[in-house]
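Shown next, in structure tokens, is the structure this report addresses.
Below, chain A is the first sequence line, B the second, and so on; all start at residue 1.
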Amino acid sequence: MNSILIKNNQYNIGYICTSQQCDEGRGDKIAMRWINSSLEKTDYTFNDIDKESNKFANVLKNLSFNKGDIFFTFLPKSTEQIFAFLGTLKIQAVAGTLFSNFGEESLLDRLGDSGAKGIITKKSLYKKVSRIQEKLPALETIIITDIDEHLSENVLSYSLLMKEASAKFNVELTQPDIPSVLHYTSGSTGKPKGVLHQHKSVLLQSYTSQHILQLNENEIFWCTADQGWVTGTSYGIIGPWSLGVTQVHFGGSYNADVWMSLLENEKITIWYTAPTALRMLMREDRAIYLKHDLRNLKHIFSVGEPLNPEVIHWSRELFKKDIYDTWFQTETGSIMITNRPGLTVKPGSMGKPNGAIDAAIISDEGNIINDKKTGNLCLKAGWDSMFRTYLNNEDVYNKKFKNGYYYSGDLAYRDEEGYYWFVGRNDDVINTAGHLISPFEIESALLEIPEIAESGVIGAPDDILFEKVVAYVRLKDQFSWSDDLEMDIRLRLANKLSSIATPQEIKVIKEVPKNKSGKIMRRVLKAWYMGTDPGDISTLEE
Amino acid sequence: MDTFEELNAVFCKVFDDKDIKITPEMTADNIDEWDSLSHVNLVVAIEKHFGVKFKSSEIIRWKNVGQMLTSINEKLAAK
């Protein structure tokens, strides 16, 4: 696949996205139009991003980073994050990304498990890192983007380091199976798991950018995803730049009018966003849309959680366009099952496999199902962007594969025309606004609050977020419920884990239902919440 | 402590950062942790601290901290 993409057996993602584009004559083409929250614009050509990422590669080399070392970005959307990400890949170190809203416990889990050697962040976020620094013996280097002087031997100024670094860097020949990108993802049990990818993932990221997102050199692309998550790296950096596409990156937050102005003024042709954002846009005053000329916009794509049909109907009516829902996971690295131009959209469907992979619905007994029955959504192992392992968790990785198929954890069915339809998860992982949240992580954090004796956390349907976090707690006997306590719980979870892990509702109960071996019966909690039959409760603890 | 200082204290608590210094022009773009979900926490904390309640229509009109402060002062004056 994409033999044209790989020159001289060089698979290095950092090289392909920058130096190779320059070699192919796109050096002076705009690679990135960076628009900050005040709407000030700065253009970076492919020559610029090549030089900046070369400088960062030299910064890391000068600080004794080597192949295989793990270096994280912990920044809101910013140019420094992108240069650091690409520079890290250029030296064949592993580039991890962290969502800038993570609290210190979320950071500690990820930096600690990975044994990260370095991190780039900003002053305001460094406060969180500094509180856990002594628990991270492997973390040797902290680079801060908004200080002018080094703070100590290992807390260093980005601008000073970059000023002293050469813009020339020779990227060593990188084999396809060399580790590249690291994202942490939540499961229903245990701590978050480090999903490790390889440089050859660029093959499928590039292929899907071209054949699904319809990107080519003439398009102007805007992916709204944060680089802390897989969409932000696979399609906010790698896929489009492997094809020499101009990208708009916006550093501000959600604002319907600003977003529409960006689509209009930047003449964006392909837009990749999320259902939560689309549902929020759907609730805005129609006048916002009518005053903008979006004639350049050719296609809208969506990713993160299932796209409800009403959003597609809204877009058809307002924009005269379909929205193409795409499905993939951190583990898959690129779009796997998807709608796209040229394929009739069945609103509510996931679409069909991307054309370069094999998918199947498989029963719990291991049989492939073809007759609209719900089963496990599986992918034939071996696709180019398949994750290489869960870092330090090979056993769990191996359990995801059976008889040559990867089990995604999603349940789905396939209709007679080959379209896939999402049904739900086969575990308790919560998908809120496109982010997977582990109920276990939230339950654990709740138990650290002195007043709480027991906790159980579920996801419940939500009109905007797809699912919202709902926490059930039992208080210790000596404590009683109050507004103050509720506020303390919300803030504690927001600041220790992240804002996305904050329960939208907290319910106090006398006992958290558990089975006889002490496992929380979340399905019983969910049935209580939904007002449905909890089913078999014979294993419920007396 | 006047309303402005009290609001500053609420911000510090909600965003777990004692160094936050709010200004009337400040928006969500100026505080890294201020996103749509933490905004819910902020509103709830403000309501609780000042003993006031806001309608959704009032909240969505806030474009910056200054407008938030005006809204709080109006509610306090009407108490």
Side chain to side chain, [X] and [Y], heavy atoms closer than 4.5 Å:
X: A:L491; Y: B:V14; result: yes
X: A:P76; Y: B:D32; result: yes
X: B:D16; Y: A:K127; result: no

Can you say whether A:L465 sits under 4.5 Å from chain B via the side chain, the backbone, both, or neither, judging by heavy atoms?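 Just the side chain, heavy atoms under 4.5 Å.
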What part of A:R131 gets within 4.5 angstrom of chain B, counting heavy atoms only: side chain, backbone, both, or neither?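 The side chain, not the backbone.
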Measure the spacing between [atom1] of [X] and [atom2] of [Y] and express it to the nearest 0.5 Å.
X: B:F15; Y: A:S499; atom1: CZ; atom2: OG; answer: 9.0 Å
X: A:K123; Y: B:D19; atom1: NZ; atom2: CG; answer: 10.0 Å
X: A:E486; Y: B:K48; atom1: CD; atom2: NZ; answer: 10.0 Å
X: B:W34; Y: A:N101; atom1: CH2; atom2: CG; answer: 13.0 Å
X: A:D488; Y: B:K13; atom1: CG; atom2: NZ; answer: 5.0 Å

For the pair A:S253 and B:D29, evaluate side-chain hydrogen bond (donor to acceptor under 3.5 Å, both in side chains) and give the outcome as yes or no after the intermediate values. CA-CA 7 Å; A:S253 48; B:D29 288 325; 3.2 Å; yes
Do you know which of B:I20, B:N30, B:D35 has the most heavy-atom pairs with chain A at a distance under 4.5 angstrom?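 The candidate making the most pairs under 4.5 Å is B:D35.
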Evaluate whether atom NZ of A:K291 has more than 12 neighbouring non-hydrogen atoms of other residues, nucleotides or ligands under 6.0 angstrom away.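 Yes, because the 6.0 Å sphere around NZ of A:K291 holds more than 12 heavy atoms from other groups.
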More than 12 heavy atoms of other groups within 6.0 Å of A:E134 CD: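 For A:E134, atom CD is not crowded (no more than 12 foreign heavy atoms under 6.0 Å).
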Count the heavy-atom pairs under 4.5 Å between each of A:T432, A:D484, A:T502 and chain B, then report the option with the highest count.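 Highest number of pairs under 4.5 Å: A:D484.
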Decide side chain to side chain contact (heavy atoms under 4.5 Å, CB included) for A:K128 and B:E33; before the verdict, give the C-alpha distance in whole Å, the side-chain angles of both, and the deciding distance to 0.1 Å. CA-CA 11 Å; A:K128 295 181 192 177; B:E33 292 84 355; 3.1 Å; yes
